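Heads up, the thing below is written out as structure tokens.
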Amino acid sequence: MIVTADAAGIRRAAEMLRAGSVVAFPTETVYGLGADAFSEQAIAEVYRLKNRPSWNPLIVHVANVAAARALAAEWPDVANELAAAFWPGPLTLVVRRAEHLTGVGADTGTIAVRVPAHEVALKLLEAAELPLAAPSANRSESISPTTAEHVLRSLPDVPLVLDGGPASWGIESTVLDVTGEVPRLLRPGALGLREIREVTGAIALPEDVADGSARPSPGMSRRHYAPRAKVVLTEEVDASALDESVGVLTYETQDVPGAEILSADPKEYAADLYAALHRLDDAGVATILVKSPPDTEEWLAIRDRLTRAAA
Ligand code: TXA
Ligand code: MG
């Protein structure tokens with residue numbers, strides 16, 4: 001059920017989490033399906049509800065840098081600098097994992113952590129007094145939820161969804177591995193590379209992260225973030241070839257009747273993308289034609305998601 005994220009709602013969600021239940025909650029990127037990061041049973045429930053493969057580890061959400069450090073075996077200087085610059089915010093850091101933390105998936109010896117920039121998420125973390133493992137609150141491989149309703153539609157068995165309104169970024173966090181000499185991008189996301197480089201200098205950008213063909217982080221399966229309809233990327237949508245079975249997702253300049261027309265600003269585009277895909281799916285189209293976004297770094301995360309949706 002969906003519960004307003006007021007003081008009573010947050011208290012109730014925190015109690016459920018402390019009792020080993022899962023709860024979906026809003027973050028600034030997308031909604032997460034939260035569980036006590038120390039409860040193997042709660043985490044197992046996350047994997048079961050999402051139908052998520054066990055090799056794909058979860059991001060742990062914490063209230064502050066100190067709580068993140070407590071989960072790490074090593075906390076490099078660059079993690080401090082990045083946390084100071086971007087936390088709370090849509091940057092996930094992969095660091096060496098403290099030994100007492102097991103069960104957040106895949107035995108990689110590392111852990112992914114972030115401090116979410118959402119009042120409800122932060123209040124929930126404070127009230128629960130637990131680090132919360134939380135993947136996006138959707139069935140594995142489908143579109144991430146940017147509203148409480150999206151969560152329930154994808155995961156009808158979630159016992160409680162805290163409703164904090166639509167997510168402001170609308171695209172998942174950027175995942176950066178800081179265990180090596182040079183920080184390495186594992187998943188492009190809401191936080192841009194230009195901002196990160198201002199803090200870290202060069203970052204390693206595995207070539208195939210950009211074209212969506214590789215799996216640098218365990219979760220980056222080739223097909224992901226996909227609606228039910230078949231997604232086809234195209235340079236220009238041919239409006240004369242459309243019929244009722246085809247939906248169109250384009251941006252700004254092109255005027256196609258009945259199309260979802262998003263902003264030409266990548267940040268605004270990202271904020272609306274998943275909701276637009278949900279709407280096209282709801283319309284029951286068999287195919288979604290998507291006008292390819294520009295091939296620039298600002299659009300990297302969006303291109304990544306669209307390429308995977310089309311795979
Ligand atoms: O914005 C977000 O990051 C959202 C909100 C809820 O915080 N969460 C999210 O989680 O997108 P999820 O589970 O859908 O994606 C987590 C990504 C996956 O690609 C996963 O493989 C990667 O992070 N990841 C998690 N732990 C990792 C680790 N120890 N090493 C490398 N990659 C890891
Ligand atoms: Mg996900």
Side-chain angles (χ1 to χ4, degrees), residues 22-35 37 43 46-47 49-62 71-73 86-98 101-118 120-122 124-125 131-146 150-151 154-155 161-162 164 167-180 183-191 206 209 212 214-226 270 274 301 304-305 308-309:
V22 301
V23 165
F25 63 93
T27 82
E28 80 281 32
T29 58
V30 300
Y31 276 67
L33 181 61
I43 286 171
V46 168
Y47 279 84
L49 282 170
K50 278 185 61 91
N51 194 28
R52 183 174 177 111
S54 58
W55 43 257
N56 190 359
L58 309 179
I59 294 175
V60 178
H61 298 67
V62 290
L71 303 176
F86 302 118
W87 282 359
L91 174 67
T92 295
L93 297 177
V94 171
V95 294
R96 302 225 171 274
R97 179 176 73 195
L101 186 69
T102 54
V104 282
D107 201 13
T108 54
T110 57
I111 182 170
V113 276
R114 81 180 191 98
V115 179
H118 195 292
V120 172
L122 290 171
L124 181 64
L125 285 164
L132 296 178
S136 54
N138 53 277
R139 292 277 290 181
S140 191
E141 301 206 340
S142 61
I143 317 167
S144 293
T146 57
H150 291 163
V151 176
S154 190
L155 302 173
V161 185
L162 271 182
S168 56
W169 284 91
I171 196 161
E172 300 81 0
S173 63
T174 303
V175 181
L176 194 70
D177 177 344
V178 291
T179 59
R184 198 163 62 96
L185 181 71
L186 296 182
R187 177 178 74 178
L191 184 65
V209 170
R215 234 177 57 194
S217 117
M220 297 295 277
S221 57
R222 184 113 171 71
R223 180 172 165 81
H224 209 132
Y225 310 101
Y274 292 153
D304 171 82
R305 302 306 188 271
R308 290 176 201 285

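If you read the sequence from its start, that first residue is 1, and numbering goes on from there. Worth saying up front: this structure is predicted, and the values here are computed from it rather than measured. Numbering of ligands and ligand atoms starts at 1, following listing order.
Between R308 and E141, none of the side-chain N atoms (NZ, or NE/NH1/NH2) sits under 4.0 Å from a carboxylate O, so this pair counts as no salt bridge. Checked for salt-bridge contact, R114 and E28 meet the test: a charged N lies under 4.0 Å from a carboxylate O.
Formation of a donor-acceptor pair under 3.5 Å by the Y31 side chain with backbone atoms of A167 is not found in this model. A distance-only check finds a donor-acceptor pair linking the side chain of H61 to the backbone of L132 [under 3.5 Å].
Under the 3.5 Å distance criterion, with hydrogens and angles disregarded, a donor-acceptor pair is assigned to the side chains of S173 and R187. Side-chain contact, E172 with S144: a donor N or O sits under 3.5 Å from an acceptor N or O.
Residue contacts with ligand 1, taken as heavy atom pairs separated by less than 4.0 Å, involve V94 solely via side-chain atoms from C-beta onward. Contacts with ligand 1 closer than 4.0 Å are made by no heavy atom of D177, backbone or side chain. For R52, every heavy-atom contact with ligand 1 shorter than 4.0 Å involves the side chain, none the backbone.
Taking only non-hydrogen atoms, the option from S136, A167, G109, P26 nearest to atom 8 (N) of ligand 1 is S136. For atom 3 (O) of ligand 1, the choice among A133, P145, S173 with the nearest heavy atom turns out to be S173. Closest to atom 25 (C) of ligand 1 by heavy atom, among A24, P57, G34, is P57. In this comparison of L186, T29, T110, L132, the heavy atom closest to atom 31 (C) of ligand 1 sits on L186.
Between E172 and ligand 1, not a single N/O pair is under 3.5 Å apart. Considering backbone and side-chain N/O of Y31, none are found under 3.5 Å from N/O of ligand 1. At least one N or O atom of R187 sits closer than 3.5 Å to an N or O atom of ligand 1.
Near H61, meaning under 4.0 Å from any of its heavy atoms, are these atoms of ligand 1: 5 (C), 6 (C), 7 (O). Every atom of ligand 1 is numbered from 1 in the order shown, and the set under 4.0 Å from a heavy atom of A112 is 25 (C), 26 (N), 27 (C), 29 (N).
Atom OG1 of T179 is separated from atom CG of L93 by 11.0 Å, given to the nearest 0.5 angstrom. One distance of note links OG1 of T110 with CG of D177; it measures 7.0 Å at 0.5 Å rounding.
Nearest heavy atom pair, residue P57 against residue R52, reads O-NH2, 2.8 Å. Taking all atoms of both residues into account, the shortest heavy-atom contact from L49 to R139 is O-NH1, 3.5 Å.
Counting only protein N, O or S atoms closer than 2.8 Å to the Mg ion (ligand 2) gives 1.
Distances from ligand 1 to the non-hydrogen atoms of R97 include no value under 4.0 Å.
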Dump the intermediate steps for side-chain contact (heavy atoms from CB on, under 4.5 Å) on N138 and I143, then the final yes or no. CA-CA 7 Å; N138 53 277; I143 317 167; over 6 Å; no
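For the pair Y274/P145, no side-chain contact is recorded, criterion being any heavy-atom separation below 4.5 Å from C-beta on.
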